[in-house]
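Presented below is the structure to which this report refers.
The structure displayed is predicted, hence computed values, not measured ones. Lettering follows sequence order; numbering is per chain, from 1.
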Amino acid sequence: MINIFKRSKTIALGTDEFLDKVDLGILTLKKGIGNYIDGNSTEFEHSLKSIVKLETEADAIQRKVENDFYLHALMPNYASDIMNLIEKVDDIIDQARDILSEFDVEKPGIPDEVKKDYLELASLSAHAAESVVSATRTFFISPDDVKDKIQKVLFYQRETGVYSNNLKRKVFQELSELRLSEKIHLRYFALHIERISDNAKTVAHLLSSLVIKIKM
Amino acid sequence: MFLFLSSGLFLGWTLGANDASNVFGSAVGSKMIRFKQAAIIASIFVVLGAVLQGSGGAETLRELGSVDAVGGAFTVALAAGVAIFWMTKAALPVSTSQAIVGAIIGWNFFSGHSTDYNSLVKIVITWISGPILGGIFAMLIYLLLKQILKRTKIHLFKLDAYIKYGLLFVGAFGAYSLGANNIANVIGVFIPSAPNLLVDFGFFTLDGVQLLFLLGGISIASGILTYSRQVMMTVGNSLMKLNAETAIVVVFAHSLVLFIFSSQGLSNFFVNIGLPAIPLVPVSSSQAIVGAILGIGTLKGFRNIQVDVVGKIFAGWVVTPILAGLIAFFALFFMSNVFNLKVSQNPSKYVKGDVVVSQTPDIPQANTKIIESISQTSEEINRVEIYKPAVIILLILLAGIIMYQFYMIHKFKEKDKLDLHQDYLERYDEQQKNLENELKIASKANLELEKEIEERDKEQKKIALNIIRKNEILAKLKSEIDRIKTRPEENLKYADLNTLRVLIQENLNIEHEQRSFEKYIRELNENFFKNLELKYPGLTENEKKLCSLLRLKLTSKEIASILNITPKSVEVNRSRLRKKLHIKKDEKLTKMIRKL
């Protein structure tokens, strides 16, 4: 019982560290996509390695936090919800790693006309993810303030959706010189980038329900 | 006395089993605190509350009706217990406080004592104000806690740790207040029949009344330890399914209500500052809790407010005392008429053979009599010194506990050792299995390698034999030519020439085959040559070749044939090689070369 403060402090630090990794992962994704589009293959390789490392570290922390959480019966009423939340946040960095890995494996040819659009799409999607990480941090310290942060996430998610649609329309309707397979390939990558913001939205909804539960 | 006290102790047991869930139900039900921890803390503090602060409520109950015969006290407590049992069975909310008050009034009616309506009004007002105060306290504490949490911004995980401690502290306070306030329900009616004792424990002394409180407290504690777990897991949790923060507030508010209505010190303080004295009355723990929940519900926009619960509380205030009073009346009638049990010092018109002197007894006189009986002079009190036997028993107990602890430590150590040993054994078995597997794989690979070497040896020998055979052909050719040379020229025939041609044709391939053989030998013995050069750098090419052939276990004759030299030359070369390789006389050259 005496060690409970020490334990809760360690778990809190672990959660913070985990969110730091996810935050860095999102930034690395944005940088990695930028490097790929600009053709900086060495830099891109570096980003890919970084994101793989960050993802592995985030997974390890997540497992430790989860283990400590159940082992020391921390917040028994909300333990499963909080673990679910952390898992969904982890999905964001997993998805980010997958995207960079797919860029590396499939090497999609991005025409100059849409390069800027892909960069903007990545930026919007990353904004949604960054906002949800920030909202998760706020949830642990001040659950009452989560609502405002969630609005930001939902805004960026919507914007990402709209931008992605415009980009796909541009690819299919304006870039007539591309073959259908190339267009589908480009759409596939737009979808993947967009999915980061979708994951952020899932986390945002989880946060909303958790706040209601805790404040009940 | 103990036999009569049994009904009171049973009442205490039910109180502990039911009301502990009001204090720790939420914490245990939500697994924030382990039941064992909660039960131990609750038991200790209930006893402390009962002994240290339990007299206030008991005094008020005595004012309402002083049950002056132990048989009467037994019946009154029993009637309250039966009323509680019936109402619980009928799923109606019931409070021990209300049941005991009803039973006392029933005794008053039976024994002809008049009920002190001032006390009754005081008690009823307290019942009503208990839940209301609980609600008000809950609202105030909740608002305060919310403000503190908003300002401090504590991490949720740290907050969880604080809440766990908070629930323990508040629970301990709640248990103390429960003991202090509700002990009167359990033991209050027996106080006028308390034995004239002063028990010396060495460090402190307890009089007869305090002993009764101690026994009552222990009975509540036994209810907590033996039966409250189920109630905490079911009723306790369903009564207030609140989050941890709200649970602290609710339990704290409830504890404050119980504390206020049992604290003589607080009441005196109020009087000293010019405020009216706080009535010290046993109040319902459950109703105080419900009041606190309703208070928080009001704050949250009337959430959690269930009108039927409020209705049931009202019903409880009326139904429980009436039912308990009726049961008490009939039970007293039964006890006094059937068992001839003395249920009152005053003669009752309902008891056969009793002559009623006055229908309206002088209440102050009766009260004075009882007060006198409680505060008897020291000369009349039997002083019991249990200091020495208690110390001896405690020492024996302590020794027993220490021995048991040592035994347990030893047992755990042994178990740990055994586990460790088992673990080592398992690991050893696993390692052995792995090694065996590796050994199997290695021996299999060795077998395959040996097979391969054998095949290669055979192949080398085959080539060597081929060379030998071809050298023999050359020798044959030579002898044939020699034979032809001896014949006169005119006798030369085409057949002779053809024989020679065939022999030469065969000979043409010999050089090539020998070279390919040497190349093959070199490739095959690449490591061997490397080792040889490394160990004996001064060897010539021919000596190296000889070594490689010796390695194939070829005889001198066979080597001679391969190298196209005489067997004697091979022997000479062998002896030179022995010298160069510094081989002792008793050592075999072939064996040594094969070792390389």
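- Proximity of a side-chain donor or acceptor of Ser228(B) to a complementary backbone N or O of Ala17(B) within less than 3.5 Å is not detected.
- Of residues 122-145 of chain A, those residues lying under 4.5 Å from chain B by any heavy-atom pair are Phe139(A), Phe140(A), Ile141(A), Ser142(A), Pro143(A), Asp145(A).
- Centroid-to-centroid, the aromatic rings of Phe252(B) and Phe137(B) stay 6.0 Å apart or farther.
- Aromatic ring orientation, His192(A) versus Tyr188(A): perpendicular (interplanar angle above 60°, classes split at 30° and 60°).
- Contact count against chain A (heavy-atom pairs under 4.5 Å) is highest for His155(B) among His155(B), Lys150(B), Lys153(B).
- The closest donor-acceptor contact from the side chain of Ser101(A) to the backbone of Arg97(A) lies at 3.5 Å or more, if one exists at all.
- A perpendicular orientation is assigned to the rings of Phe103(A) and Phe44(A), their planes being inclined by more than 60° (bins at 30° and 60°).
- Under the 3.5 Å distance criterion, with hydrogens and angles disregarded, a donor-acceptor pair is assigned to the side chains of Ser164(A) and Glu194(A).
- Distance check: Leu225(B) CG to Phe35(B) CZ gives 6.5 Å after rounding to the nearest 0.5 Å.
- Between chain A and the options Thr152(B), Leu149(B), Asp160(B), Leu159(B), heavy-atom pairs under 4.5 Å are most frequent for Asp160(B).
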